Amino acid sequence: MPNITLPDGKKIKFDKEVNGIEIAEKISKSLYKQALIISVNGELKDLTYLIKKDSSVKIITSKDKEGLDAIRHDTTHIMAMAVQELFPGTKIAIGPAIKDGFYYDFSRKNPFTPEDLEKIERKMKEIVEKNEPTKREVWERKVAKDHYKKIGEDYKVELVDSIPDDQEVSIYYHGKWYDLCRGPHLTSTGKIGKYFKLTKVSGAYWRGDSNNEMLQRIYGTSWPSKKELDDYLKRIEEAEKRDHRKLGKEMDLFHFREESPGSVFWHEKGWALFQKLVSYMRAKQEEAGYREINTPEILDRTLWEKSGHWEKFGENMYTSTTPDEKVFAIKPMNCPGCVQVYNQGLKSYRDLPLRMSEFGKVHRYEPSGALHGLLRVRAFTQDDAHIFCTDDQITEECLSVTNLILEIYKDLGFENVILKYSDRPDVRVGEDSVWDKSESALLKAIKASKLEYSVNKGEGAFYGPKIEFVLTDAIGRDWQCGTLQVDLNLPDRLGATYVNKSGEKKVPVMLHRALFGSLERFIGILIEHYSGKLPFWISPLQIMVIPVSDEFDDYAKLVNDKIRKSGISSNVDLKNHNLNYKIREHSLAKVPILLICGKKEVDTNSVTIRKLDTNKQENMELKTFLKNFSSLNKAPSL
RNA sequence: GCCCUUGUAGCUCAGCUGGUAGAGCAAUUGAUUUGUAAUCAAUAGGUCCGCGGUUCGAAUCCGUGCGGGGGCACCA
């Protein structure tokens, strides 16, 4: 007779086998109503699952992540049911719950249209209203396979085959419709409620493999209450509002065009932002002991063959044949060029660590479907650096790179940073002893940074382990930006050496690191993080001077000149528009500070400050203004 | 690269079932001289993404190419 232990430690004794419904009922009426599924000794089960022996149990409701998943999993089954009722002959593949929703993959000749989605949604509502019971059956493996073969559900046949031998083949019935599924599911089709919505159709490869057939995937979202659904839709809307492609246009920062897909045409303001980031970075790297170099964009094929890129990365490289038939490649990475700079002249152990930075523009032929605004481009500038050092210097150098990255992210408003550590992959070069050394050196640096980190087993580069720096933006999205890799391979391939204390030639260790990663991508992230409202010091146009009427144009021009001379970027708006119009225009353009100049200001040699997103006004003598804002015109850490 | 979708003025978009284009904003000009998020009026502005086809006639239908968007795959 099972003894049931609840999460709070309380025990209930039943005198017969018991299921989740009965347990919930015993605990409270409200829990009975809210119960969706049950966790039995850590395993998720249907509420109807019979518990025969003593168990620890938790009733799962929509407040639990597992409960939400269960709702979505049920919703996707109901969607598949609706689809097969409306479009007979459609084959079903898989349909899991995902973050914020669910999808189901279908195979069908004709594509689903937006109108179809509406139809499907209506059908789903009917199914929910019928509230038919959901039942689980266990089938013989062979019976299941033969059955699915017979009715032509090829994907289900494959899925049956892929269920491990020690697991049951379970089938869930929602009314008459049924699906091969591990479960668990809610007790009836009505349980999911009515707060779901189908959101989009897209293609998706069967089993995520591009060699396989492309299926039609319908995405949807499902929530326990109207409020949660509305909040979710609102969140999507908010994210769209800060889309850097939209803001980039509105703020006149950059554009893209057909002649060069995936390459940025930077406008005056966008380029100013870009340059501000570069000079900021220069200052930080100067501080951290880097020397900046620059290497050619186009390099002979033979170098890329030697470095391994030609073989390993050839598909992504742009090449160019000269009139005399020589083949060059446009660099997709800066490292080989940097090693060649290192190779000039003999290097001694006394020169190490040697930190060479380069704002190198690289070109990569990315698949057309991967392009996405500034976030995924074909030509971008890396804030790259290569540190040549000895084995013994690895940890310290890694640690200082990590600190530099954190400082820089913090300056730009990203406080939340996590690390992803990837260790040796199966396919790799180098002795295990060297891997031991570089891995432990990297790990030591990570631990010293005291940051949260996750381990991606076997995901390192073929030449060494790596750390990726992931930051979280204002609306909780993660972006992988910086990277730090230990490389014991490339210096060797390209013949880099240094002379050690005993006069022997040794191959140095090379650390690859990028802080922002790509300037272009980072700017995209910055724009979205701040919704375009960049901090004063990094803002491409920091100040707009606005005369109240053209009577005060001369004074406004004077103010503008003085500000520009002080190193703050400023402009003056002399157009024949009224004050309200100009305030609106420049506020929409996200200029952080507007300076209003009228009679009062002329008389007192002052300016009136209006900060973006406030309508408070502050009057200040021009002299004081220049003093105050000059000190704000640099990164917090500088 | 693959699936779906989309491409009209500088921008945002309208243009039903085929009869060679329209609005708002922006621009220009004029009036207005403005004190904290859109002053009024006039003018100008278009290879309807490119190429081919169907048709008496194509922005509209078909094919194809290129670009954009949403996904999938990719992200060394």
Side-chain angles (χ1 to χ4, degrees), chain A residues 98 103 105-108 110-114 116-117 199-219 236 240 243 245-246 249-250 252 255-262 307-317 332-333 335 362 364-373 375-378 380 425 427 459-463 466 468 480 483 485 512 517-518 521 546-553 575-589 591 594-601 608-619:
Chain A
I98 52 171
Y103 67 78
D105 285 347
F106 302 96
S107 170
R108 171 176 178 250
N110 299 324
F112 292 110
T113 63
D116 290 341
L117 289 196
T199 49
K200 56 198 170 199
V201 220
S202 80
Y205 297 109
W206 167 236
R207 302 218 136 146
D209 184 337
S210 56
N211 296 313
N212 290 341
E213 188 204 348
M214 180 152 278
L215 305 170
Q216 293 188 60
R217 175 172 296 179
I218 301 180
Y219 283 94
I236 304 279
E240 274 167 19
D243 189 314
R245 292 165 299 186
K246 184 170 162 278
K249 199 181 270 179
E250 284 171 15
D252 193 18
H255 81 275
F256 289 91
R257 52 173 49 239
E258 282 192 28
E259 292 98 324
S260 190
S307 70
H309 287 85
W310 194 266
E311 192 208 343
K312 194 68 183 125
F313 201 63
E315 276 188 5
N316 292 290
M317 283 161 71
M333 295 186 205
C335 23
V362 297
R364 299 179 186 179
Y365 189 77
E366 301 286 356
S368 58
L371 302 180
H372 184 93
L375 302 180
R376 191 82 182 270
V377 287
R378 285 182 175 155
F380 58 97
V427 185
E459 305 243 318
F462 69 94
Y463 47 75
K466 64 176 176 186
E468 269 144 6
Q480 190 175 304
T483 172
Q485 302 165 9
H512 303 238
S518 139
R521 181 175 145 86
I546 304 175
V548 170
S549 79
D550 58 13
E551 213 180 304
F552 312 106
D553 280 4
K575 281 189 209 128
N576 182 13
H577 279 130
N578 66 26
L579 184 57
N580 280 339
Y581 183 93
K582 290 179 183 184
I583 285 171
R584 180 179 152 82
E585 191 184 1
H586 301 299
S587 297
L588 289 174
V591 179
L594 304 183
L595 292 184
I596 315 297
C597 298
K599 180 155 189 333
K600 191 171 85 193
E601 288 74 17
T608 295
I609 304 167
R610 185 192 211 277
K611 288 186 184 163
L612 186 55
D613 278 343
T614 68
N615 45 17
K616 274 191 219 138
Q617 300 156 43
E618 189 186 354
N619 187 263

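A, B, ... follow the sequence lines: proteins, then strands. Residue 1 opens every chain. The shown structure was predicted, so the numbers you read here are calculated from the model rather than taken from an experiment. Quick note: numbers below take in every heavy atom, side chains included, and nothing from hydrogens, waters or symmetry partners.
Computed from coordinates, the A:K582 NZ to B:U33 C1' distance equals 11 Å when rounded to whole Å. Per the geometry, CD belonging to A:E366 stands 16 Å off P belonging to B:A73, to the nearest Å. Taking atom CD of residue A:E250 and atom P of nucleotide B:C25, one finds them 18 Å apart after rounding to whole Å. Taking atom CG on A:L612 and atom P on B:U36, their separation rounds to 18 Å, with Å as the unit. Rounding to whole angstrom units, CD of residue A:E258 and P of B:G65 are separated by 15 Å. Remark: C1' of B:G67 and NE2 of A:H255 are 13 Å apart, rounded to the nearest angstrom. When rounded to the nearest whole Å, the span between CG of A:N212 and P of B:C74 equals 12 Å. Spacing between atom NE2 of A:H372 and atom P of B:G70 amounts to 5 Å, rounded to whole angstrom units.
Rounded to the nearest Å, the gap between the C1' atom of B:C61 and that of B:C16 is 15 Å. Between B:A41 and B:A23, the two P atoms lie 15 Å apart (nearest whole Å). On the C1' atoms, B:C74 is 43 Å away from B:G18, given to the nearest whole Å. Across the C1' atoms, B:C11 and B:G46 are found 14 Å apart, a figure rounded to whole Å. Separating the C1' atom of B:U20 from that of B:U60 is a span of 12 Å, rounded to the nearest Å. To the nearest whole angstrom, the two C1' atoms, one in B:A9 and one in B:G15, are 14 Å apart. Between the P atoms of B:G24 and B:U17, the separation comes to 25 Å (whole Å). Taking the P atom of each, B:U12 and B:G69 are spaced 13 Å apart, rounded to whole Å.
If you check every strand for non-hydrogen atoms under 4.0 Å, A:L594 touches nothing. At a threshold of 4.0 angstrom between heavy atoms, the contacts of A:H309 with the nucleic acid are absent. When heavy atoms are screened at a 4.0 angstrom cut-off, A:F256 is found touching no nucleic acid atom at all. Looking at heavy-atom distances under 4.0 Å, A:F313 makes contact with a base. Counting any heavy atom pair closer than 4.0 Å across all strands shown, A:P111 reaches sugar-phosphate atoms only and no base atom. Counting non-hydrogen atoms under 4.0 angstrom, A:D613 reaches a base of the nucleic acid. The residue A:S210 sits close only to the backbone: its heavy atoms come under 4.0 Å of sugar-phosphate atoms, none of a base. Within the 4.0 angstrom heavy-atom criterion, only backbone atoms of the sugar-phosphate kind lie near A:K249; the bases stay farther away. Here A:E601 lies in heavy-atom contact (under 4.0 Å) with a base.
Of the candidate nucleotides B:A73, B:G35, B:A38, B:G35 has the atom nearest to the side chain of A:T608. Proximity note for A:R217 (side chain, C-beta onward) versus B:G35, B:C72, B:C75: the nearest is B:C72. Closest to the A:N576 side chain, of the nucleotides B:A31, B:C72, B:G70, is B:A31. The A:I583 side chain lies nearest to B:U36 when the options are B:U34, B:A73, B:U36. The side chain of A:L579 sits closest to B:U34 out of B:A37, B:U34, B:A27. When each of B:G71, B:U33, B:U36 is scored by its nearest atom to the side-chain atoms of A:K200, the top-ranked nucleotide is B:G71. Here B:U36 is the nucleotide among B:C72, B:U36, B:U12 with the atom lying nearest to any side-chain atom of A:I596. For A:S202, the side-chain atoms get nearest to B:G71 when compared with the rest of B:C4, B:U32, B:G71. Considering only side-chain atoms of A:R610, the nucleotide from B:U36, B:G71, B:U39 that sits closest is B:U36. Distance from the side chain of A:R245 is smallest for B:G69 among the nucleotides B:U34, B:G67, B:G69.
Between A:M214 and A:D550, the residue anchored nearer the 5' end of RNA chain B, judged by the nucleotide with its closest heavy atom, is A:M214. The residue among A:G208 and A:R378 whose nearest nucleotide of RNA chain B is located toward the 5' end is A:R378.
The main-chain N or O of A:G598 is found under 3.5 Å from a side-chain atom of A:E601 such that the two form a donor-acceptor pair.
If you check B:A41 for Watson-Crick or wobble pairing at under 3.5 angstrom, you find it paired to B:U29. The nucleotide B:G1 finds its pairing partner in B:C72, both defining distances of the Watson-Crick or G-U wobble pair being shorter than 3.5 Å. Partner assigned to B:G46 is none, using Watson-Crick or G-U wobble distances below 3.5 angstrom. The pairing partner recorded for B:A14 is none, the criterion being a Watson-Crick or G-U wobble arrangement whose two distances lie under 3.5 angstrom. Across all strands shown, B:G67 forms a Watson-Crick or G-U wobble pair with B:U6, both key distances being under 3.5 Å.
Residue A:Y219 places at least one side-chain N or O closer than 4.0 Å to OP1 or OP2 of B:C72. Side-chain nitrogen and oxygen atoms of A:Y581 include at least one within less than 4.0 Å of the OP1 or OP2 phosphate oxygen of B:A26. Between A:N578 and B:U39 there is a side-chain N or O to OP1 or OP2 distance below 4.0 Å.
The shortest side-chain heavy-atom distance between A:L371 and A:E366 falls under the 4.5 Å cut-off.
Minimum interatomic distance between A:K575 and A:E585 (heavy atoms only, all atoms of both residues): NZ-OE2, 4.3 Å.
Here the CE-CZ distance, from A:M333 to A:F313, works out to 4.5 Å after rounding to the nearest 0.5 Å. Taking CG of A:N212 as the reference point, atom OH of A:Y205 lies at 10.0 Å (rounded to 0.5 Å). Separation of atoms CG (A:L595) and NE2 (A:H586) is listed at 11.5 Å; rounding is to 0.5 Å. Rounding to the nearest 0.5 angstrom, the gap separating the OG1 atom in A:T113 from the CG atom in A:D116 is 3.0 Å. A:T608 OG1 to A:I546 CD1: the interatomic distance, rounded to the nearest 0.5 Å, is 11.5 Å. Interatomic distance, A:S549 OG to A:L579 CG, rounded to the nearest 0.5 Å: 10.0 Å.
Checking A:D209 against A:N211 by side-chain atom types alone, a donor-acceptor pair falls below 3.5 Å.
For B:G1, its base sits under 3.5 Å from the side chain of A:Y205 at one donor and acceptor pair at least. A:R376 contributes a side-chain N or O that forms a donor-acceptor pair with the base of B:C74 under 3.5 Å.
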